[in-house]
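As the structure is a prediction and not an experimental result, all values here were calculated from the model. Order of appearance sets the numbers: ligands from 1, and atoms from 1 within every ligand.
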Amino acid sequence: MKINEIETPALILDKQTFEYNLERMDQLLEGTTMKLRPHYKSNKCSEIAKLQIKRGAAGITCAKLGEAEDLANAGIENILIANQVVQPSKVKRVAELAKDHYIIICVDDKDNIKALSDAAVEAGSQIHVLVEYEVGMKRCGVDTYDEFIELAELIDKSEGLIFEGIQAYGGHMAHEHSLETRIAETNRIENEVRELKALLEAKGLKVKEVGGGSTGTIEQKAKDTVYTDIQAGSYIFMDNAYGQLHLGFKNALFVLTTVISTKKDRVVTDTGVKSLGMDQGDPVFLGVPEGSPISMSEEHGAVYCEHNFKINDKLRYIPGHCCTTVNIFDELYVVDGDEVVDCWKITARGKAY
Ligand SMILES: Cc1ncc(COP(=O)(O)O)c(C=O)c1O
């Protein structure tokens, strides 16, 4: 099948660029103390997770329990839910999943630790637990060393739970445009987390894993960083938001669209905001003069420029945000030049529960 025969809007992955991005990440990690634990929220595609494991990833990170179950169904053994799971029925699902998988979960609350322990005892499983430490994003995570140590000691004493280490994701730096700020803040976080690890070890608590890191900050990590597991997700695809940081990864993910109307001053396509994640800004239309104004409505994308487009011509968009774009589609067409060489299911599409 040729790319132009795909019905649009469609999600397409440029195979060669995707492979280039995988290689680049391997090169960045080579000779460092870091392992890759890539984030599933970016691709939600079990074929990609399996491929990452095959290339040596330590396990897969995900954000939601539904994603973890999807990964388990695909045969992934080692799964980190880098998030808090608190609803009682979901806590039970975590404990069930942990019966035959290495499940790691994040916590920042005593009652949640008790609930996870009770559920693990009932299920007869063991859940590995990272305490989340807040490093500047102001999302989940405890704010002080003392709170952290208290929770770590509680986990250590809790039946059915194993203290695994520290989750410290500095998400506020992932898209920071100033390289100077990104370097300074990454170093500050590094020093804080290193101190926390030393305090825990002084109390006899073994810190097996220190997790965090993103596509945007991987280059700023020292070769001998305290982080053991890097949770980057977008690096395989990239998008317009990350593209502005010039990180050395290339755009491999596109939305293919068809021209449905042309007028002297504009081209209108069949792809609007229902087929593009716009939460981190506009997409880029390829094949039109750079900087041409665009207008996105639900089902239409219009670009205003001089042009020679005809109805049924195809255009590509680089999504503003790859992760929220992927979550809109059922499948991902893998293309090599003009040829469609594969079609992968987005198996965890919509699994936000
Ligand atoms: C826990 C966690 N780790 C890592 C990432 C980094 O992902 P990316 O490389 O796509 O920026 C995210 C992004 O949301 C995250 O929430």
Side-chain angles (χ1 to χ4, degrees), residues 18 21-22 24-26 28-29 34-45 48-49 52 57-68 71 79-85 103-108 129-142 164-177 182 185-186 189 193 209-221 225 227-253 277 279-281 318-327 348 351-352:
F18 170 65
N21 288 338
L22 291 168
R24 172 159 169 77
M25 182 56 89
D26 288 350
L28 285 171
L29 295 179
M34 299 175 273
K35 291 181 267 95
L36 188 61
R37 186 183 275 282
H39 211 310
Y40 200 46
K41 52 116 199 172
S42 299
N43 61 76
K44 289 176 168 272
C45 170
I48 294 182
Q52 288 170 317
I60 301 290
T61 303
C62 63
K64 293 296 177 122
L65 177 56
E67 291 174 343
L71 286 163
I79 302 164
L80 161 65
I81 305 169
N83 211 343
Q84 277 63 14
V85 174
I103 299 297
I104 314 170
I105 194 159
C106 293
V107 300
D108 65 1
V129 185
L130 296 174
V131 177
E132 184 158 4
Y133 184 60
E134 208 295 299
V135 289
M137 192 184 186
K138 295 283 173 200
R139 203 166 64 177
C140 298
V142 298
E164 194 83 356
I166 306 167
Q167 168 74 2
Y169 170 58
H172 58 306
M173 281 299 109
H175 288 87
E176 169 58 51
H177 280 228
R182 231 159 56 228
E185 183 64 354
T186 304
I189 294 169
V193 175
E209 178 165 333
V210 179
S214 64
T215 302
T217 55
I218 179 75
E219 262 192 295
Q220 277 70 64
K221 291 259 184 282
T225 171
Y227 282 80
T228 60
D229 288 54
I230 296 300
Q231 301 164 353
S234 303
Y235 73 100
I236 53 171
F237 293 151
M238 295 302 282
D239 52 32
N240 188 33
Y242 260 143
Q244 290 166 29
L245 301 188
H246 310 292
L247 300 169
F249 296 103
K250 297 181 186 170
N251 283 302
L253 187 83
D279 56 308
Q280 287 183 359
I318 297 171
H321 186 188
C322 58
C323 310
T324 48
T325 299
V326 167
N327 194 41
K351 290 196 193 294

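- Each of Thr61, Leu71, Ile104 was evaluated against Ile79; a single residue qualifies, Leu71, per the side chain to side chain contact (heavy atoms under 4.5 Å, CB included) test.
- Protein heavy atom nearest atom 3 (N) of ligand 1, with residue, atom name and distance: Gln231 OE1, 3.1 Å.
- When hydrogens are left out, the protein atom nearest atom 2 (C) of ligand 1 is His39 CD2, 3.6 Å; that is the closest non-hydrogen contact.
- No side-chain heavy atom of Met238 sits less than 4.5 Å from a side-chain heavy atom of Lys250.
- Distances from ligand 1 to the non-hydrogen atoms of Gly213 include at least one value under 4.0 Å.
- Atoms of ligand 1 found under 4.0 Å from any heavy atom of Ser214, numbered from 1 in the order shown, are 6 (C), 9 (O), 11 (O).
- Glu132 pairs with exactly one of Gln84, Arg139, Gln167 by the side chain to side chain donor-acceptor pair (under 3.5 Å) rule, that one being Gln84.
- In this structure, atom 14 (O) of ligand 1 lies nearest to the protein heavy atom Lys41 NZ, 3.3 Å.
- Of all heavy-atom pairs spanning Tyr227 and Gly213, the tightest one is CE2-N, 4.4 Å.
- For Tyr235, the heavy-atom gap to ligand 1 stays at 4.0 angstrom or more.
- A heavy-atom distance below 4.5 Å is found between the side chains of Ile218 and Met34.
- A salt bridge links Glu219 to Arg24: at least one charged side-chain nitrogen sits closer than 4.0 Å to a carboxylate oxygen.
- Short contacts between ligand 1 and Ala232, defined as distances under 4.0 Å to a heavy atom of the residue, involve ligand atoms 9 (O).
- Counting heavy atoms from C-beta on, the side chains of Pro38 and Ile60 come closer than 4.5 Å.
- Listed by number with element, the atoms of ligand 1 under 4.0 angstrom from any heavy atom of Gly233 are 7 (O), 8 (P), 9 (O), 10 (O).
- A 4.5 Å side-chain heavy-atom check between Leu36 and Tyr235 finds at least one atom pair inside the cut-off.
- The protein heavy-atom contact nearest to atom 9 (O) of ligand 1 is Thr215 OG1, 2.6 Å.
- Put simply, no part of Gly216 is less than 4.0 Å from ligand 1, judged by heavy atoms.
- Ranking protein heavy atoms by distance to atom 10 (O) of ligand 1, first place goes to Ser234 OG, 2.5 Å.
- What sits closest to atom 11 (O) of ligand 1 on the protein, heavy atoms only, is Tyr242 OH, 2.6 Å.
- Side-chain atoms of Asn83 never come within 3.5 Å of backbone atoms of Cys106 as a donor-acceptor pair (strictly under, hydrogens ignored).
- Heavy-atom separations between Arg139 and ligand 1 include at least one value shorter than 4.0 Å.
- An N or O contact shorter than 3.5 Å is missing between Gln167 and ligand 1 by distance.
- The shortest side-chain heavy-atom distance between His172 and Ile189 falls under the 4.5 Å cut-off.
- Remark: distances from the non-hydrogen atoms of His175 to ligand 1 are all 4.0 Å or more.
- Every atom of ligand 1 with a heavy atom of Ser42 under 4.0 Å away is listed here by number and element: 10 (O).
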